[in-house]
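Down below is the structure, laid out as structure tokens.
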Amino acid sequence: DIVIIDDLSNSSLIVLDGIKNILKKTIPFFKIDLKNKKDLRDFFKKNIDIKGVIHFAASKSVGESVLKPLEYYENNLTSLINLLQLLPYNGNDFPFIFSSSCTVYGQAESLPIMENAPIKPAQSPYGNTKQIGEEILLDLSKSKENLKVVSLRYFNPIGAHPSLQIGELPIGKPQNLVPFITQTAAGLHNKLSVFGNDYPTKDGTCIRDYIHIVDLAKAHAKGLNYLINKKNKNNFEVFNLGSGTGNSVMEVIKTFEKVSGKPLNYQFSKRRKGDIVSAFASTFKANKILGWKTTLSLEDALSSAWRWQKKNSKI
Ligand code: WQD
């Protein structure tokens, strides 16, 4: 059984209707800003049987974080610290899943990226809040033996739930590739700008590891079950969540055109500051320890993203 806490700063209540339609039951929801310690304390007083946390609540736009660094440090770190200070251990082990990101690796020296790859200086305040968040959790898990942490380093989540009840709802002009592609195909933008085609890759465009959001969600349940059932003392573990396959921007565009049956209007433009050339995950550890791997393809994800866009654009 779960409850949802969200401040709705980057989401909306209609998501709860979508979840109810999928699960055929209502999930208790509490509109709380985790930066408000009093409200969070009241929540834990009224909900005394919380046995674990999956912590997603953070601002996540790389570009926005460069423009508003203090807002990002305040929101992402104060929320995490408040939560950790108020967790109801009650003398038991407490499982905590942290939503992290492959940005902690920067441009990795070797590919696919393993979990023991060196952490590089963050390219953005957003990426730094993920690095600092992991450091806070590592230090706390050393001093608090009841705290059991799994940090999930997402590669590039894309797509929507196949029911089209829930999916990505970017506010304003999307920064990420796939929502920009689907909005362009829906006529909301004239064309997609491909940020650079002069990279040292097979077709000159950047390579990423795109992962269907449904596969990503399942990894969280696997992570929680792993912590609830695990015996060994290691209180802090990280897992890369990727497909293990890298696809270039052009491959994503061509795959989208195939699944949508629509040619995409795009142009090559200059590189985007802070972009790395290539990143894709080693899937070995998540597969071996969590028993998780992706089951859905890039086509599945892009097809769900396009159907979701059509539903939202009423086309
Ligand atoms: C993917 C590729 C762009 C838009 C970021 C965060 C990461 C995670 C996912 C939160 C890049 C190119 C993009 C466009 C383009 N977020 N692109 N035209 O930068 O790999 O990762 O989002 O957890 O933490 O860093 O994802 O989708 O922005 O870009 O050519 O209009 O698409 O240059 O090569 P990114 P992205």
Side-chain angles (χ1 to χ4, degrees), residues 10 55-66 72 75-76 98-108 111 113 119-134 151-159 168 170 172-186 188-213 216-217 219-220 238 240-243 245-256 264-281 298 301-302 305:
N10 194 20
H55 179 44
F56 300 99
S59 304
K60 72 165 198 85
S61 165
V62 171
E64 185 185 50
S65 78
V66 173
Y72 267 67
N75 186 52
N76 292 5
F98 180 61
S99 168
S100 187
S101 170
C102 62
T103 38
V104 302
Y105 299 114
Q107 177 57 68
L111 296 169
I113 302 175
I119 302 299
K120 295 277 187 67
Q123 300 272 332
S124 68
Y126 159 75
N128 207 21
T129 64
K130 291 302 176 185
Q131 288 184 9
I132 297 168
E134 287 195 353
S151 181
L152 299 175
R153 292 175 177 169
Y154 302 178
F155 279 67
N156 287 59
I158 61 171
E168 192 168 11
K173 190 175 171 196
Q175 303 296 309
N176 293 132
L177 177 66
V178 170
F180 204 100
I181 285 178
T182 60
Q183 287 189 8
T184 302
L188 301 181
H189 309 291
N190 178 33
K191 64 178 73 161
L192 167 81
S193 293
V194 175
F195 297 144
N197 67 328
D198 58 351
Y199 285 98
T201 62
K202 50 196 161 190
D203 58 24
T205 62
C206 295
I207 292 170
R208 295 289 184 276
D209 185 335
Y210 297 94
I211 167 174
H212 197 302
I213 192 70
L216 186 74
H220 291 71
V238 296
N240 287 344
L241 296 185
S243 69
T245 303
N247 284 113
S248 71
V249 174
M250 286 315 299
E251 283 172 331
V252 173
I253 291 172
K254 294 305 167 206
T255 307
F256 177 79
L264 188 77
N265 196 13
Y266 65 90
Q267 66 178 10
F268 293 116
S269 63
K270 63 184 181 17
R271 296 181 173 192
R272 178 172 70 175
K273 190 175 168 306
D275 272 341
I276 57 167
V277 182
S278 179
F280 52 94
L298 178 65
L302 290 172

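Both counts, for ligands and for their atoms, begin at 1 and track the order of listing. We use all heavy atoms of the structure for the numbers below, so side chains are in, but hydrogens, waters and symmetry mates are not.
Looking only at protein heavy atoms, the nearest one to atom 33 (O) of ligand 1 is D275 OD2, 2.6 Å. Looking from atom 35 (P) of ligand 1 to the surrounding protein, the closest heavy atom is N156 ND2, 3.5 Å. For atom 1 (C) of ligand 1, the closest non-hydrogen atom on the protein side is Y210 OH, 3.6 Å. Scanning all protein heavy atoms for the shortest distance to atom 16 (N) of ligand 1 gives Y126 OH, 4.2 Å. When hydrogens are left out, the protein atom nearest atom 24 (O) of ligand 1 is S101 OG, 2.8 Å; that is the closest non-hydrogen contact. The single protein non-hydrogen atom nearest to atom 36 (P) of ligand 1 is N176 ND2, 3.4 Å, given as residue, atom name and distance. Here the protein heavy atom with the shortest distance to atom 4 (C) of ligand 1 is Q175 O, 3.4 Å. For atom 34 (O) of ligand 1, the closest non-hydrogen atom on the protein side is C206 CB, 3.0 Å.
Contacts of P157 with ligand 1, taken as heavy-atom pairs under 4.0 Å, are absent altogether. When heavy-atom distances to ligand 1 are checked against a 4.0 Å cut-off, R271 has no atom that comes that close, whether in backbone or side chain.
Polar contact with ligand 1: absent for K60 (N/O pair, distance under 3.5 Å). Any N or O atom pair closer than 3.5 Å counts here, and Y154 shares no such pair with ligand 1. Looking at ligand 1, you'll find an N or O of F195 within less than 3.5 Å of one of its N or O atoms.
No hydrogens or angles considered: nothing links the side chains of Y126 and E64 as a donor-acceptor pair under 3.5 Å. A side-chain donor-acceptor contact under 3.5 Å links D209 and S243. There is a side-chain donor-acceptor pair under 3.5 Å between S151 and E134. With hydrogens and angles left out, the side-chain atoms of Y199 and D275 include no donor and acceptor closer than 3.5 Å.
A distance-only check finds a donor-acceptor pair linking the side chain of K130 to the backbone of S99 [under 3.5 Å]. Within the 3.5 Å criterion, the main-chain N or O of G242 finds no donor-acceptor partner in the side chain of R153. A distance-only check finds no donor-acceptor pair linking the side chain of Q183 to the backbone of H189 [under 3.5 Å]. Side-chain atoms of Q107 come within 3.5 Å of backbone N or O of S278 as a donor-acceptor pair. In this structure a side-chain-to-backbone donor-acceptor pair under 3.5 Å is present from N265 to N190.
For atom 19 (O) of ligand 1, the candidate residues are R208, H189, R272, Q123; the nearest heavy-atom contact is made by R272. Across T103, L177, V249, heavy-atom proximity to atom 13 (C) of ligand 1 is greatest for L177. Across the listed options V194, L192, T201, L192 owns the non-hydrogen atom lying nearest to atom 31 (O) of ligand 1.
Numbered from 1 in the order shown, with element, the atoms of ligand 1 that lie under 4.0 Å from a heavy atom of V62 read 6 (C), 25 (O).
K173 is listed as a side-chain neighbour of F180, based on a closest heavy-atom distance under 4.5 Å. Between N240 and Y105 there is a side-chain heavy-atom pair separated by less than 4.5 Å.
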